[in-house]
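Atoms within each ligand, like the ligands themselves, are counted from 1 in listed order. Only a predicted model underlies this, so the values are computations on that prediction, with no experimental measurement involved.
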Amino acid sequence: MSRDQGRADVVIVGGGVIGSAVAWRLAERGRSVVLLEQFGPGHRRGASHGSSRIYRQAYDGEFYTALAARALPLWRALEDDTGTSVLTLTGAVDHGLPGAFAAKARALAALGIPYELLEPERAGRRWPGIRFDTQVLHHPDAGRLHADRSVQALSRAAGKTGADIRHGVTVRGIRTTAAGVEVITDDDVVAGRHVVVAAGAWTRPVIDAARLDAVPELPRLRTTQEQPAHFAPVTDDDWPSFVHHPGAGLAAEGIYGLGSGDGIKIGEHGTGPVVDPETRDHRPDPAGVARLVDYATAWLPGVDPGSVTADTCLYTTTPDSNFVVDRIGDVTVAAGFSGHGFKFAPAIGELVADLVDGTVRAPEPFRFGTREAVAAR
Ligand SMILES: Cc1cc2nc3c(=O)[nH]c(=O)nc-3n(C[C@H](O)[C@H](O)[C@H](O)COP(=O)(O)OP(=O)(O)OC[C@H]3O[C@@H](n4cnc5c(N)ncnc54)[C@H](O)[C@@H]3O)c2cc1C
């Protein structure tokens, strides 16, 4: 698509997994794209770094299950485009109280996605690294994404298709004009017809700094510092990605986990302290690490609990854990991914491209506006 006097069709603020996926899908459609990212490639200050994220389709309703299923062929297309492997299907298991995953099984069934229910003894023989005390929901079209490689591949695919990806550029303001938008950085003003704000934990400050005709009514975004930990596996067994729901034998918080190049990763979902992304300390809280060691000791016979290494990462969570992906005028926001957005990134990229093109309205769960505090998982 043409640029008139240097005006891009779309300027994207943020080069995490979401902004990069948006750049790829828009560039694929022939849109001229400029992506502005404040830090360097592969930085560890946001939400998208590291060696792994869970890819799974089992959600408590058809909406997210269908969105995850839509992302799968797009991840594969990215791999074809870039010659990079990003997604390994290992299957996923949910265990804990079966009531916690009945709705997930229903959503999978409704969409014709294969799954099975296994008794704990059978699951234990199949995945000896995990101890099961209840029935298990297994679906095979799930596994792990390599996070760093995914972001690099998205950025490379976008660049190959003509997107202009600029690192080390901080957006200080956005203003709307008769011709579209002007995105203000320290050294430049980047003109576009449309701006997409995919700024993760910095979304609120970016919107607050903008001088927009119509300001998006964002739900409250709560940023927390989370701390997954890795453990060395003690055997060569296969590891599915897993979610252990609280209840039955697990008295504490629910736990997610998966195999990765750095070992077996586990974490609590959204229990970290509220932080400012600019001033957080990046230091794992010892009490939280101790809880993960206790969990590994009790439930993961396939790891060495003494081998723990912990890292930190940001969640930006909405009151109902539903994402914010909506458009007002020439401004689209893709934020509030609430600790579960990575797997959907290319499907979110498609949705944002549709919003920018004006061919769809935002799905109801993703719209601007205040929200009730209800868990979406
Ligand atoms: C510990 C942990 C485990 C997770 N596990 C999973 C999982 O298993 N499965 C899953 O699907 N999801 C998971 N997630 C969630 C997933 O990683 C996030 O939803 C996703 O990475 C969010 O991406 P993002 O692009 O919105 O944010 P970010 O990656 O934070 O990207 C936002 C970018 O915007 C840039 N930016 C901000 N302000 C400006 C500015 N003014 N100018 C220029 N650039 C700017 C930032 O520097 C940043 O790079 C996990 C998250 C964490 C923290």
So is [X] in contact with ligand 1, going by heavy-atom distances below 4.0 Å?
X: Pro228; result: yes
X: Thr203; result: no
X: Gly267; result: no
X: Tyr256; result: yes

Proximity of [X] and [Y] rings by center, below 6.0 Å:
X: Phe337; Y: Phe344; answer: no
X: Tyr64; Y: His340; answer: yes
X: Tyr295; Y: His244; answer: yes

Mode of [X] contact toward ligand 1 - side chain, backbone, both, neither (heavy atoms, under 4.0 Å):
X: Lys343; value: both
X: Val206; value: side chain
X: Leu145; value: neither
X: Ala198; value: backbone
X: Leu314; value: backbone
X: His43; value: side chain
X: Phe342; value: both

> So if you build clusters from Ile, Leu, Val, Met, Phe, Trp, Tyr with side-chain heavy-atom gaps below 4.5 Å, do Leu89 and Val136 land together?
Replying inline: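 Different clusters: Leu89 never reaches Val136 through Ile, Leu, Val, Met, Phe, Trp or Tyr contacts under 4.5 Å.
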> Are Ile113 and Ile54 linked, directly or through other ILVMFWY residues, by side chains that come within less than 4.5 angstrom of each other?
Replying inline: no
>> I'd like to know if Asp148 pairs up with Arg53 as an ion pair, taking the criterion as any Lys NZ or Arg NE/NH1/NH2 lying under 4.0 Å from an Asp or Glu carboxylate oxygen.
In response: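 Not counted as a salt bridge, because no side-chain N and carboxylate O are separated by less than 4.0 Å.
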> Can you list the ligand 1 atoms lying under 4.0 Å from a non-hydrogen atom of Val169?
Replying inline: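 Listed by number with element, the hits are 42 (N), 43 (C).
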